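Following: one structure in structure tokens, then a few remarks.
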Amino acid sequence: MKKILILSLGIGMFIASCSKDENLFTNPDTPDPVGTTDVTVQDFMWKAMNLWYFWQGNVPNLSDTKFTTDAEYTAFLESELDPELFFDNKLRFSEDRFSFFTDDYKELVQSFAGVSKSNGLEFGLSFYGEGNDIFGYVRYIVPNSDASTKAIQRGDIFTGVNGVSLNADNYIDLLFGDADSYTLNMADISNNTITPNNREVALTKFEGLVENPVFITKTFDISGKKIGYLMYNGFTSNFDEELNNAFGTLKAAGVTDLVLDFRYNPGGSVNSSRLLSSMVYGTNTNDLYIRQRWNSKIQPQLSSAQLNDYFADKTGAGSAINTLNLNKVYVLATGSSASASELVMNGLDPYVEVVHIGTTTRGKNEFSITLVDNASNSYIYGASSEKNINTKNSWGIQPLVGRNENSVGFFDYTAGFTPDIELREDLSNLGQLGDQNEPLLARAIQEITGVSAKVDFTVKMPVDLLSSSKMFTPMRDNMYLDKELPSLME
């Protein structure tokens with residue numbers, strides 16, 4: 001029987017196996033808690049991390065020989081009864097920046113499909129002034145959302161919520177707390193200074209908002225060049241057909257140069273990154289895209305066929321890949337570009353000249369799995385085995401379980417990819433996304449055509465990003481691996 005699991009690179013689905021007799025992916029000496037204290041969540045977290053965590057061998061608390069008796073194990077689980085603190089303080093490796101947990105695994109799984117509770121406002125946050133004051137700036141509005149019906153747009157500035165000024169101590173509660181509705185207090189930019197005004201915008205979060213990550217697809221005829229532009233805001237596998245159709249549009253238009261806009265793309269499906277890279281480069285299924293690297297327990301049990309991902313000639317639905325067969329691509333990427341966005345840049349690099357315009361990327365080269373309290377499926381989440389998940393434990397964890405390297409073995413970009421052409425977004429001139437005069441796109445067009453743009457690239461108010469709305473969603477900057485492998489337990 002096959003069991004589906006969701007791997008996240010910072011996301012994805014993966015299937016693997018061993019027989020019960022072989023105990024290849026289980027520790028037969030795994031302890032069990034004893035006593036009356038409820039440590040269900042801690043027990044699940046330890047066993048799942050002991051098996052899958054990429055740094056399992058580097059964390060003494062996760063050692064296979066850490067506990068000699070069930071009583072010792074129980075005492076360890078009881079030493080921290082807050083699951084969040086248990087995960088962070090007892091199990092996480094010191095160099096791990098991206099593993100996380102949730103008390104509602106169903107919300108996490110929905111987010112991987114592009115479904116969330118949201119008002120549709122995507123924004124960045126930065127400090128201003130000399131203290132801890134914070135302002136937000138609108139990046140874009142999700143279509144068919146509450147924000148899309150309000151008087152708010154890209155480039156708008158806000159400095160408060162419900163009449164309270166935003167600062168480092170309160171912005172999380174005010175913007176990302178339990179309240180579904182809030183009112184933004186807006187501001188103006190004048191002479192490079194942010195000044196609150198009297199305008200207010202009321203917004204409400206609704207369940208079930210679906211964001212199509214294929215945000216803008218355009219072509220330009222400039223100086224004899226047929227230039228394609230695609231703004232892609234998340235590697236969401238549910239929209240792979242829409243992505244392929246967008247490339248079909250670009251191909252039909254005769255595009256010879258392509259600008260991929262990943263500036264706000266935090267990552268997502270590894271397989272979607274493979275498909276997009278095939279749409280850029282080509283469909284030779286003998287060319288290696290990326291290779292996985294797991295922990296010392298898992299790696300020896302996987303074959304090269306299971307570890308290697310090649311370029312694709314078809315989507316998961318069986319549609320022929322619409323490829324542009326390019327030898328150069330221009331990528332707009334920033335500190336908000338992570339995970340699967342960086343994977344595309346790294347996976348294409350041995351085959352295609354990648355011209356990176358923007359700022360240094362996030363630096364996330366690891367992938368993870370969605371793990372839930374289902375020992376019969378090696379703790380891997382699978383829709384088909386959801387009935388076997390412990391109904392008394394809704395917690396899920398998204399630990400890093402491996403790294404991807406490209407076809408020449410490169411994987412070391414934890415410091416992010418530095419741009420070939422550095423250009424920061426300018427709060428005083430964000431421009432309209434998809435417009436040929438928007439600064440980052442205009443700079444790419446100048447590079448393609450060799451003709452100086454009429455745009456002034458002087459940055460007067462550079463964005464110094466503190467955080468963004470996407471970083472407070474369940475998906476965050478994740479990358480998941482959606483690949484079928486033999487099942488882990490039969």
Side-chain angles (χ1 to χ4, degrees), residues 4-14 38-54 77 80-93 96-118 172-173 175-180 205 207-209 211 234-237 266-269 338-340 364 366-375 377-383 385-386 388-401 467-482:
I4 301 207
L5 47 84
I6 291 196
L7 303 181
S8 132
L9 237 140
I11 309 177
M13 296 175 67
F14 147 107
D38 186 1
V39 288
T40 301
V41 178
Q42 289 86 341
D43 180 47
F44 145 66
M45 285 181 169
W46 189 90
K47 288 176 178 174
M49 292 283 277
N50 168 265
L51 176 61
W52 288 105
Y53 197 36
F54 186 60
L77 300 183
E80 180 50 74
L81 296 180
D82 183 333
E84 298 184 12
L85 295 178
F86 180 76
F87 185 89
D88 282 337
N89 297 337
K90 304 286 187 177
L91 306 182
R92 183 194 294 272
F93 181 51
D96 179 2
R97 298 178 293 156
F98 298 106
S99 293
F100 65 95
F101 46 78
T102 174
D103 61 2
D104 183 358
Y105 73 83
K106 292 183 180 180
E107 182 184 5
L108 177 62
V109 171
Q110 278 195 324
S111 74
F112 292 161
V115 181
S116 65
K117 185 177 186 179
S118 172
I172 294 177
D173 288 337
L175 289 168
F176 308 107
D178 295 332
D180 290 339
K205 300 173 185 177
E207 293 279 6
L209 179 65
E211 179 180 354
F235 290 79
T236 310
S237 58
S269 163
S339 186
K364 187 173 190 301
E366 302 95 348
F367 58 86
S368 65
I369 307 175
T370 300
L371 300 177
V372 293
D373 196 352
N374 180 8
N377 200 42
S378 297
Y379 303 102
I380 299 158
Y381 172 81
S385 62
E386 193 158 1
N388 296 323
I389 297 173
N390 183 356
T391 58
K392 296 180 180 180
N393 182 10
S394 64
W395 284 75
I397 58 176
Q398 197 75 31
L400 301 181
V401 297
S467 190
S468 72
S469 50
K470 285 186 181 291
M471 291 304 294
F472 288 86
T473 64
M475 182 169 158
R476 306 178 196 182
D477 47 7
N478 287 302
M479 175 168 58
Y480 61 90
L481 181 67
D482 23 10

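This is a predicted model, so every value here is computed, not measured. For the numbers below, each heavy atom of this structure counts, side chains included, while hydrogens, waters and symmetry mates do not.
Using a 4.5 Å cut-off on side-chain heavy atoms (C-beta onward), S99 and Y53 make contact. The side-chain heavy atoms of Y105 and E386, taken from C-beta on, include a pair separated by under 4.5 Å. With contacts defined as side-chain heavy-atom distances shorter than 4.5 Å, the pair W52/I397 does not qualify. Using a 4.5 Å cut-off on side-chain heavy atoms (C-beta onward), N388 and N377 make no contact. Counting heavy atoms from C-beta on, the side chains of P83 and W395 come closer than 4.5 Å.
Applying the side-chain contact (heavy atoms from CB on, under 4.5 Å) rule to T40 yields the partners D38, D373, N390, N393; only residues at least two apart in sequence or on another chain are considered. For F54, there are no ring-ring contact (aromatic ring centres under 6.0 Å, His included) partners, not counting sequence neighbours.
Scanning both residues, S467 and F472, for their nearest heavy atoms gives OG-CE1, 3.3 Å. Nearest heavy atoms, G177 versus K205: O-NZ, 4.2 Å. Taking all atoms of both residues into account, the shortest heavy-atom contact from S339 to G267 is CB-CA, 3.9 Å. Heavy atoms only, all atoms of each residue included: L371 and P399 are closest at CD1-CG, 3.6 Å.
Within the 3.5 Å criterion, the main-chain N or O of E366 finds a donor-acceptor partner in the side chain of K364. Here the side chain of S269 pairs no donor or acceptor atom with the backbone of T236 at under 3.5 angstrom. Judged purely by atom type and a 3.5 angstrom limit, D96 uses its side chain to pair as donor or acceptor with the backbone of F98.
Note that the CE atom of M45 and the OH atom of Y379 stand 13.0 Å from one another [nearest 0.5 Å]. To the nearest 0.5 Å, atoms CD1 (I369) and CD (Q398) are separated by 8.5 Å. Here CH2 of W46 is found 9.5 Å from CG of L91. Values are rounded to the nearest 0.5 Å. The distance from atom OG of S385 to atom CG of N374, rounded to the nearest 0.5 Å, is 5.0 Å. Summarising the geometry, atom NZ belonging to K106 is positioned 8.5 Å from atom OH belonging to Y381; distances are rounded to the nearest 0.5 Å.
Here the rule is side-chain contact (heavy atoms from CB on, under 4.5 Å) with F87, and of Q42, M49, E80 only M49 fits it.
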